[in-house]
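Presented below is the structure to which this report refers.
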Amino acid sequence: MNRQTIALVTGANKGIGYEIAAGLGALGWSVGVGARDAERREAAVQKLRAAGADAFGVPLDVTDDASVIAAARLFEERAGRLDVLVNNAGVTGGSPQLPTTVDLAAVRRALEANVLGVIRVTNAMLPLLRRSASPRIVNMSSSVGSLTLQTAPGAETGPISAAYAPSKTFLNAVTVQYARELGETNILINAGCPGFCATDLNGFRGVRTPEQGAAIAIQLATLPDDGPTGGFFDDAGVVPW
Ligand SMILES: NC(=O)c1ccc[n+]([C@@H]2O[C@H](COP(=O)([O-])OP(=O)(O)OC[C@H]3O[C@@H](n4cnc5c(N)ncnc54)[C@H](OP(=O)(O)O)[C@@H]3O)[C@@H](O)[C@H]2O)c1
């Protein structure tokens, strides 16, 4: 069996996901660039390859069952397993997001991609991850999903939101439940917060670079076998739930 580590990064055509793919590629890994748009996917793959990464395109819309099943089949045929899954794809859902005026469609969009998408992709990939010697799952969350920080006086927690922020709270809760169920296996699953990074997601208002945001995902993707599971981390360490 080919021992080169093989990974999938969802939403890897731009932003933090692209930088996660670049970082994993720099480790000598084979990296699947999960992206829903063919042109954007191919452009990212070409750029990663030009930088020396062993990257390949994975057509993937995390909200679409058939697309996710096809992506799992691609890994089955290519390697017969998956070592690392980074659930990075995410959306804000749109606006308005204030609880009293929120557009329910925005809530649905945020949940569909940020929560159901993660569950859909994770469950489709689990049979492949179970064949890995050191499987890792990284869920890209956000400190705006931290209820502790949301209710801490003076804490910097992002805008009031009934869609995006709660979708990350939900994602954190789901991460814990996976860790509980998979506790007796060698699969480590954790949530990571990249910090406030300048990307399309926030109109490039973030203060960190996407590359800086990718660092926590790369750290959680490369955890040793005795590393944590069911946790929530950023560059500074543990993020409160
Ligand atoms: N930027 C921040 O400050 C920040 C802070 C905390 C957490 N995060 C999280 O970090 C992750 C990456 O965000 P980012 O800032 O890099 O945002 P971004 O630049 O907007 O990138 C989001 C990525 O997700 C993809 N995507 C969205 N919906 C998808 C779907 N249904 N199927 C497949 N791919 C989909 C996008 O693809 P398209 O190009 O096709 O739209 C894009 O590749 C997200 O989970 C986000 O919530 C970001």
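Keep in mind that what you see is a predicted model, and the values were worked out from it rather than measured. Both counts, for ligands and for their atoms, begin at 1 and track the order of listing.
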When the side chains of residues 38-47 are checked against the rest of the protein, which donor-acceptor pairs come out under 3.5 Å, sequence neighbours left out?
| from | atom 1 | to | atom 2 | distance (Å) |
| --- | --- | --- | --- | --- |
| Arg41 | NH1 | Ala35 | O | 2.8 |
| Glu42 | OE2 | Gln46 | NE2 | 2.6 |

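Checked by distance only, ligand 1 and Ser142 stay at 3.5 Å or farther apart across all their nitrogen or oxygen atoms.
The closest approach between any non-hydrogen atom of Ala35 and ligand 1 is not below 4.0 Å. Under a 4.0 Å heavy-atom criterion, Tyr18 is not in contact with ligand 1. Ligand 1 lies within reach of Asn13, whose nearest heavy atom is under 4.0 Å from it. For Thr10, the closest heavy-atom approach to ligand 1 does not fall below 4.0 Å. Put simply, no part of Glu112 is less than 4.0 Å from ligand 1, judged by heavy atoms.
Counting heavy atoms under 4.0 Å from ligand 1, residue Asn202 touches it through the side chain alone. Counting heavy atoms closer than 4.0 Å to ligand 1, residue Ser141 contributes backbone atoms (N, CA, C, O) but none from C-beta onward. For Val91, every heavy-atom contact with ligand 1 shorter than 4.0 Å involves the side chain, none the backbone.
Atoms of ligand 1 found under 4.0 Å from any heavy atom of Pro194 (numbered from 1 in listed order, with element): 4 (C), 5 (C), 6 (C), 7 (C), 8 (N), 48 (C). Here is the list of ligand 1 atoms found below 4.0 Å of a heavy atom in Met140: 45 (O). Each of the atoms 2 (C), 3 (O), 4 (C), 5 (C), 6 (C) of ligand 1 lies under 4.0 Å from some heavy atom of Gly195.
Taking the side-chain contact (heavy atoms from CB on, under 4.5 Å) definition, one finds that Pro135 meets it with Leu129, Ser132, Asn186, Ile187, sequence neighbours left out.
Residue Met140 is tested with Leu171, Val9, Ile20 for a side-chain contact (heavy atoms from CB on, under 4.5 Å); the sole match is Ile20.
Nearest heavy-atom pair, Asp61 versus Ser67, reported as atom, atom and distance to 0.1 Å: N-OG, 2.8 Å.
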